[in-house]
Amino acid sequence: MLHPATDILKKVVEKTGTPVMIYDEERIRTRISEYLDNFKSDKFETRVLYASKAFCSGYTARMANEAGMYFDCVSGGEVYCLTTNGVPVSKLYFHGNNKTPREITEYLGKGRGHIVVDNADELGLIAKIAEEEGKPADILVRVNPGVEAHTHEYIATATKDSKFGISIDKKDEILEMVETVNASSQLEFQGFHAHIGSQIFAASSFEGEIQAMFDFIEEMVKAHGVTVNELDLGGGFAIQYTDADDPDDIPTVCKRMITNCECQMETRGLDIKIICIEPGRSLVGDSGYTIYTAGCRKKTDSKEYLFIDGGMADNIRPALYGAEYQCTNLTRETEPATKNYVIAGKCCESGDVIIKEAPLPESYPGDLILVYSTGAYGYSMASVYNKLGRPPVVFVNGDSARVVLKREDYKELEALETNESIF
């Protein structure tokens, strides 16, 4: 697996210390171009939405916005980050299964954007606030197409019992939601959203989703007279975490999706004006790396541990749902692997293991350990467990590097402490 030039990475470490998260800016820009250049059609408008939950920062917001991307956001905090960094609300799709009144009010107050509605209760709240505030919004209803993507149960989103959206079989409930939107003086129904999971390798999974959604939309249009202008197919595009991962390349997946959608529209006589996808992980995941400093080593009866100066506080994915990674010893990159280490963090949890089996050369305290493909959901899910503080984030572009998020120090960790009486 590839990473930026070792000498550049070592220079970053000299300036920032470890742990440090590093992004290859050129690689991210290449990924953005691959999606924008290949997910397009002369039959309908296409939109590529950056799924902000993968990694949300002002720097990435400005980069993606300047390239012409739209954005998927799921909280008031993400909306605030994007809009304060120049992204117009018209380019936002506001997701989530339980948007709060405050989030809805603030979002509507920023201008006319898209809201992806998860359930009838939420729609009622959105409609009420929109009427009271006199603020318009475009609405998509999220449905579960019932297509199985072979992912971990925590990241599969289209099963009938998922916490997200409404089963595609509950057509009466969906129609009632469409009618609620159409009855509002402020809301305008645009179409449907679907998402089948994350880390999806097989293009056939997306083809199954497209088939199911066009079956559904055809019935909505022809049997019930619903006007559908837009279809958002979600994301879930896989990346390589280990040598065992072999995802289809971006151009292939995009072109197959476009061809499939064009055929479905022509065959069924449908006129959908906008089709969207939402890559997040595949834009930044394998463009990001975390570098740690090795500390103590320890042998047990059957394992050899190599401890690092970070762990589940900066990458909870292995502990949360068994995510797998690979690493290299930057200090001894040219030496052959002779050991099989457990790469374990410094947090006070037995589950704080980043890699269960890492083939490395004999490694020593002070060596630099680089973990690949940590760019998605590493920093986004990072915590201050054990008061470790989140690591800095550095973007490398050729021979230059810039800190875009600084390290949380002890004083910043205590900045929210107070003794203020509230009644």
Side-chain angles (χ1 to χ4, degrees), residues 1-24 26-27 239-245 284-319 322-347 349-379 382 388 390-396 398-399 401 403 407:
M1 299 177 73
L2 301 176
H3 59 68
T6 301
D7 61 333
I8 297 297
L9 297 177
K10 289 182 177 179
K11 285 181 181 179
V12 170
V13 170
E14 288 174 6
K15 294 290 186 179
T16 66
T18 58
V20 58
M21 300 188 70
I22 298 175
Y23 284 87
D24 184 337
E26 183 178 355
R27 188 165 182 161
I239 65 167
Q240 184 181 35
Y241 285 102
T242 72
D243 289 337
D245 295 333
V284 296
D286 58 4
S287 300
Y289 314 83
T290 305
I291 300 178
Y292 304 98
T293 298
C296 301
R297 299 167 296 173
K298 182 169 66 178
K299 289 184 179 180
T300 65
D301 290 344
S302 59
K303 297 180 180 180
E304 189 161 356
Y305 286 93
L306 179 64
F307 298 132
I308 53 176
D309 59 349
M312 65 185 293
D314 60 75
N315 188 354
I316 199 172
R317 293 184 68 250
E324 296 182 350
Y325 291 92
Q326 287 184 184
C327 68
T328 190
N329 186 325
L330 283 179
T331 307
R332 307 174 193 282
E333 208 166 9
T334 61
E335 299 178 19
T338 57
K339 295 280 189 177
N340 203 19
Y341 289 105
V342 178
I343 307 298
K346 63 190 275 57
C347 294
E349 294 287 343
S350 296
D352 182 22
V353 172
I354 299 299
I355 304 175
K356 293 180 179 179
E357 296 185 9
L360 291 174
E362 180 85 37
S363 299
Y364 299 88
D367 285 357
L368 298 179
I369 306 301
L370 177 145
V371 179
Y372 294 96
S373 300
T374 60
Y377 307 110
Y379 194 90
L388 288 178
R390 286 171 289 191
V393 176
V394 175
F395 271 61
V396 169
D399 294 332
V403 177
R407 187 184 304 279

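The figures here come from the full heavy-atom set of this structure, side chains too, leaving out hydrogens, waters and symmetry mates.
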Can you find a heavy atom in the side chain of I355 that is under 4.5 Å from one in the side chain of E324? no
For residues 8-20, which residue pairs qualify under salt bridge (charged side-chain N to carboxylate O under 4.0 Å, His left out), counting only residues two or more places apart or in two chains? none
Among I291, T374, V371, side chain to side chain contact (heavy atoms under 4.5 Å, CB included) partner for M21: T374
Go through the structure and list residues passing salt bridge (Lys or Arg N to Asp or Glu O under 4.0 Å) with D286, not counting sequence neighbours. R27, R31
May I ask you to test the L330-T6 pair for a side-chain heavy-atom distance under 4.5 Å? yes
Quick check: do R407 and P19 have side-chain heavy atoms less than 4.5 Å from each other? yes
Applying side-chain contact (heavy atoms from CB on, under 4.5 Å) to D399 and not counting sequence neighbours gives I8
Quick check for you: to the nearest 0.5 Å, what is the distance between C327 atom SG and L360 atom CG? 4.5 Å
Any pair counted as salt bridge (charged side-chain N to carboxylate O under 4.0 Å, His left out), so long as it reaches residues 328-346, sequence neighbours left out: E304-K339, R332-E335, R332-D367, K339-E362
For Y379, all residues meeting side chain to side chain donor-acceptor pair (under 3.5 Å), sequence neighbours excluded: none
Test item: L370 and L9 side chains (from C-beta on) under 4.5 Å apart, heavy atoms: yes
By ring-ring contact (aromatic ring centres under 6.0 Å, His included), which residues pair with Y372, not counting sequence neighbours? none
From N315 CG over to C347 SG, what is the distance, rounded to the nearest 0.5 angstrom? 10.5 Å
Taking atom CG of N329 and atom OG of S363, what is their separation to the nearest 0.5 Å? 4.0 Å
Who passes side-chain contact (heavy atoms from CB on, under 4.5 Å) against A337, sequence neighbours left out? P359
Residues passing the side-chain contact (heavy atoms from CB on, under 4.5 Å) test with P365, sequence neighbours excluded, are R297
More than 12 heavy atoms of other residues, nucleotides or ligands under 6.0 Å from CD of Q240: yes or no? yes
In Å and rounded to the nearest 0.5 Å, what is the CG to CE distance from D245 to M1? 8.0 Å
Grab the two heavy atoms, one from P392 and one from T16, that are nearest each other, plus how far apart they are. CG-CB, 4.2 Å
Please name all residues satisfying side chain to side chain donor-acceptor pair (under 3.5 Å) with S373, sequence neighbours left out, ordered by chain then number. none
Quick one: are V342 and E357 in side-chain contact, heavy atoms under 4.5 Å? no
I need the minimum non-hydrogen distance between R390 and A382, along with the two atoms involved. CG-CB, 3.7 Å
Which residues pass the side chain to side chain donor-acceptor pair (under 3.5 Å) test with T18, not counting sequence neighbours? T293, D309
Spell out, as yes or no, whether a donor-acceptor pair under 3.5 Å connects the side chain of T331 to the backbone of L368. yes
Given V393 and V403, is the side chain to side chain contact (heavy atoms under 4.5 Å, CB included) satisfied, shown in steps? CA-CA 6 Å; V393 176; V403 177; over 6 Å; no
With Y305, which residues qualify under ring-ring contact (aromatic ring centres under 6.0 Å, His included), at least two apart? F307
Could you list the residues that satisfy ring-ring contact (aromatic ring centres under 6.0 Å, His included) with Y23, not counting sequence neighbours? F55, F395
How long is the span from the NZ atom in K299 to the OH atom in Y341, to the nearest 0.5 Å? 8.0 Å
Where the side chain of D352 meets the backbone of M312, is there a donor-acceptor pair that is under 3.5 Å apart? yes
Less than 4.5 Å apart, any side-chain heavy atom of V20 and any of P391? no
